[in-house]
Amino acid sequence: MATAPPIDLDRVLLDPRSVFKEPAEVLSRADLDATRKRQILERWRQNDLERQTDSGAPPKHGTAG
């Protein structure tokens with residue numbers, strides 16, 4: 001099994017979608033500890049909420065967070 005290339009943490013913490021296609025990819029990274037994974041997934045959630053607000057759509061209840 002090939003190892004994943006190192007990620008740019010500054011970039012991923014600003015915009016996780018610029019590095020990962022879906023949140024499950026974050027969870028599958030063995031090179032990220034649990035704290036870093038939570039930080040990335042929380043940023044992903046915040047970015048999604050900002051996009052919904054910017055588009056005028058009401059926030060979705062019950063989304064992972």
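For the numbers below, each heavy atom of this structure counts, side chains included, while hydrogens, waters and symmetry mates do not. On a predicted model such as this, the values are computed, not experimentally measured, just so you know.
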Legend entry - Pairwise distance CD(Glu22) to CH2(Trp44) - rounded to 0.5 angstrom: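 Taking CD in Glu22 and CH2 in Trp44, the distance rounds to 7.5 Å.
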Legend entry - side chain to side chain contact (heavy atoms under 4.5 Å, CB included) partner of Ile40, chosen from Val12, Val19, Thr35, Leu27: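 It is Val12, the one option of Val12, Val19, Thr35, Leu27 that forms the side chain to side chain contact (heavy atoms under 4.5 Å, CB included) with Ile40.
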Legend entry - Arg45, Gln46, Arg43 screened by side chain to side chain contact (heavy atoms under 4.5 Å, CB included) with Pro16, the one that passes: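 Of Arg45, Gln46, Arg43, side chain to side chain contact (heavy atoms under 4.5 Å, CB included) with Pro16 is met by Arg43 alone.
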Inset, instruction - List in chain and number order the residues that pass side-chain hydrogen bond (donor to acceptor under 3.5 Å, both in side chains) with Asp10, two or more places apart in sequence or in another chain; answer none if no residue qualifies. - result: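 None.
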Legend entry - Within one Ile-Leu-Val-Met-Phe-Trp-Tyr cluster: Leu41 and Leu14, side-chain cutoff 4.5 Å: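 No; Leu14 is not reachable from Leu41 via cluster members.
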Inset, instruction - May I ask you to test the Arg36-Val26 pair for a side-chain heavy-atom distance under 4.5 Å? - result: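 Side-chain contact under 4.5 Å: no.
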Inset, instruction - State, with a plain yes or no, whether a side-chain heavy atom of Leu32 is found less than 4.5 Å away from one of Ile7. - result: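 Yes - at least one pair of side-chain heavy atoms lies under 4.5 Å apart.
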Inset, instruction - Show your working on salt bridge (Lys or Arg N to Asp or Glu O under 4.0 Å) between Arg29 and Asp31 and close with a plain yes or no. - result: CA-CA 5 Å; Arg29 291 293 295 242; Asp31 60 334; 2.7 Å; yes
